[in-house]
There are 2 protein chains.
Amino acid sequence: MGQSIGKRQTREDILEFSVSLFAEFGYDGVSMRDVAAVCGLTPAALYYHFPHKEALYLEVVAHAFREKSAALLNNLKDSDSPWVQLENFITNLAHLAAKDEIFLRLMQWVRLDSEEIRQQKLAVHVFKDLFLAVHALVAKLNSHYDPYMLSMSIISLVFLSSEGRKIRKFMPGYRPEHDQPDVLARHVIDLLRMGLFQHRTSG
Amino acid sequence: MGQSIGKRQTREDILEFSVSLFAEFGYDGVSMRDVAAVCGLTPAALYYHFPHKEALYLEVVAHAFREKSAALLNNLKDSDSPWVQLENFITNLAHLAAKDEIFLRLMQWVRLDSEEIRQQKLAVHVFKDLFLAVHALVAKLNSHYDPYMLSMSIISLVFLSSEGRKIRKFMPGYRPEHDQPDVLARHVIDLLRMGLFQHRTSG
DNA sequence: GTCTATAGTTTGATAGAC
DNA sequence: GTCTATCAAACTATAGAC
C-alpha cells in the first residue's frame with residue numbers, strides 16, 4: 001500500500017500509483033479513498049486532477065496500455081526462422097504474462113466491463129498488434145490451419161493459463177513449477193509442434 | 001429485468017432469477033436491492049433465505065456450475081475410446097460456451113475474484129469434478145505431457161476463443177464461421193491430434 | 001494543490017409487524 | 001415468508017479555507 005510520501009503529485013504519479021489498485025480489484029472494487037490513500041492524498045485532492053472516478057479509471061487503463069503494448073512486439077527478429085520466432089514469441093509472452101500481472105489483470109477487467117464499447121476498443125487496440133504479429137508468423141509456418149484460429153489458439157494457450165493461476169492452484173496435480181513461464185512456454189511449444197499422437201510410438 | 005410476478009419464491013427461484021445479474025455485472029456490481037427487484041421481493045425477504053450477500057453469490061455460482069458441468073460430464077460414455085470421449089467433450093464444451101453466455105461470463109468473474117478464499121471455495125467445490133474428468137481422460141491418452149497442463153490447455157483453447165468473441169470480430173482474418181462451435185471444436189481437435197508439423201509432408 | 005468538513009446517495013443488514 | 005421502516009457504514013462529489 002503506502003507507496004508515496006511526498007505530496008504535490010502530478011497526474012501521471014496518480015495514474016501509476018493507482019494502476020495496481022484497479023488491476024487488482026476492478027472499477028467497482030476501488031474507491032476514491034483507496035486511490036487517495038496509495039497516493040498519500042485526500043479524496044478531495046484527486047478531484048482537482050480528475051473530474052470524476054470514471055475519468056481517472058479510463059486514463060489509468062489507457063496509460064498502462066500505452067506503456068506496455070510496445071514491449072510486446074520488440075522481441076521479434078526477422079533474421080530468425082518463422083518457427084524460432086514463434087518459439088521466442090511464446091516464451092516472451094509467457095514471461096510477460098507471468099511478470100506483469102498488473103497488465104494481465106487490467107486486460108481481463110476491460111474485457112469484462114460491460115458498460116462501454118470504448119473500453120472494448122482499448123483492448124482491441126492493444127490486442128490487435130499482438131494478434132497481427134502472431135498471425136503473420138503462423139501464416140508462414142503452416143498452410144493447413146486457418147491462421148486466424150491458430151493465432152487465437154496460441155494466445156489462448158499462454159494467456160488463459162496465466163490468467164487462471166489462482167484457480168489452477170487448487171486443482172489436483174498442481175505443482176509450483178506450473179507457474180514458471182519457461183515451463184508453460186515449453187509445454188505450449190511442444191503441444192503445437194507435435195500434438196498428442198506424435199509420441200505414441202516413441203514413448 | 002422484471003422476470004417474476006408471484007411471491008413466495010423458493011431458494012432456487014432466487015438463484016435462477018439473479019444468475020444473469022451476477023454474470024452481467026459481477027459481485028460488486030450487483031446490490032441486494034437489484035437482486036430483490038428481479039425476484040419481485042424486498043431486500044429483507046432475501047435475508048430470510050440467505051444470511052448475507054456473499055452466501056447468495058456463492059450459491060448462485062455453484063448452482064449454475066453444477067447444472068452445466070453435470071451436463072458435460074453426463075455426455076462422457078465409458079464405452080467410447082478415450083480419444084472419442086475427448087473429442088465429444090471438446091465439442092460439447094464449444095457448444096456450451098457458444099450457447100450459454102451467462103455461464104461463460106460467470107466463469108470470467110470468478111477468475112477475476114480478488115478474494116482468494118471465495119475463489120478457493122468455488123474451485124474446490126465446483127470446478128474440481130470437471131477438471132478431474134478431463135485430467136483422467138488425457139492421462140489415458142498420452143504419457144508424454146503433464147496431464148495437469150494438458151487439461152488446462154484444452155480448456156483454454158475452447159474457452160478463451162469463446163470469451164474473446166466480441167474482440168476477435170475486429171481482428172484481421174475474421175469470418176462469421178469462426179463463431180460456430182463445430183468449427184472451433186474441429187480446429188482444436190485437429191490441433192491437439194496433429195500439431196503444426198504433421199501436415200508438412202502431406203501438403 | 002491540498003486540506004477539512006460535509007452534503008447527498010447507496011449499500012449491506014436488522015427489527016418487528018403481519 | 002414477506003413486508004415496512006430503518007440503521008450504520010461506505011461511497012462519490014463539492015464548498016471553502018489556506
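Chain identifiers are assigned alphabetically (A, B, ...) following the order of the sequence lines, protein sequences preceding nucleic acid strands; residue numbering begins at 1 within each chain.
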Whole-Å gap separating [atom2] ([N]) and [atom1] ([X]):
X	N	atom1	atom2	value
Leu41(A)	dG1(C)	CG	C1'	9 Å
Leu56(B)	dG12(C)	CG	C1'	12 Å
Asp28(A)	dG12(C)	CG	P	11 Å
Met32(A)	dT14(D)	CE	C1'	12 Å
Asp13(B)	dT2(D)	CG	C1'	15 Å
Glu54(B)	dT11(C)	CD	P	18 Å
Tyr57(A)	dT12(D)	OH	P	14 Å

query: Looking across every strand, which nucleic acid part, if any, lies under 4.0 Å from Val30(B) by heavy atom: base, sugar-phosphate, or nothing?
result: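 Answer is sugar-phosphate: Val30(B) comes under 4.0 Å of backbone atoms only.
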
At a cut-off of 3.5 Å, list every protein nitrogen or oxygen paired with a nitrogen or oxygen from nucleotides 6-8 of chain C, distance to 0.1 Å.
none

| task | Tell me whether the centres of the aromatic rings in Tyr57(B) and Phe50(B) are closer together than 6.0 Å. | result |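 Here the rings of Phe50(B) and Tyr57(B) have centres that are no less than 6.0 Å from each other.
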
May I ask you to evaluate whether Ser31(A) reaches the phosphate of dC11(D), defined as a side-chain N or O under 4.0 Å from OP1 or OP2?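 Checking dC11(D) against Ser31(A), a side-chain N or O does come within under 4.0 Å of OP1 or OP2.
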
Do [X] and [Y] pair up side chain to side chain, a donor and an acceptor below 3.5 Å, judged on atom types alone?
X	Y	answer
Asp28(B)	Tyr27(A)	no
Asp34(B)	Ser31(B)	yes
Thr10(B)	Asp13(B)	yes

### Task
Determine yes or no for a side-chain-to-main-chain donor-acceptor pair under 3.5 angstrom, with Trp109(A) supplying the side chain and Ala23(A) the backbone.
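Yes.
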
Taking C-beta and beyond as the side chain, do Pro172(B) and Leu132(A) meet within less than 4.5 Å on heavy atoms?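 Of all side-chain heavy-atom pairs linking Leu132(A) with Pro172(B), at least one is under 4.5 Å.
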
Is any side-chain heavy atom of Leu192(A) closer than 4.5 Å to one of Leu191(B)?
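The answer is yes; the side chains approach within 4.5 Å.
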
* What do the steps show when you test His178(B) against Tyr148(A) for ring pair (Phe, Tyr, Trp, His ring centres under 6.0 Å), and what is the final call? -> CA-CA 9 Å; His178(B) 292 143; Tyr148(A) 174 94; 4.2 Å; yes

Ring-plane angle category for Tyr145(A) and His187(B), please: parallel below 30°, perpendicular beyond 60°, tilted otherwise.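 Judged by the thresholds at 30° and 60°, the geometry between Tyr145(A) and His187(B) is perpendicular.
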
May I ask you to list the residues of residues 42-51 of chain A, by number, that have any heavy atom positioned under 4.0 Å from an atom of DNA chain C?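 Nucleic-acid contacts, sorted: Thr42(A), Ala44(A), Ala45(A), Tyr48(A), His49(A).
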
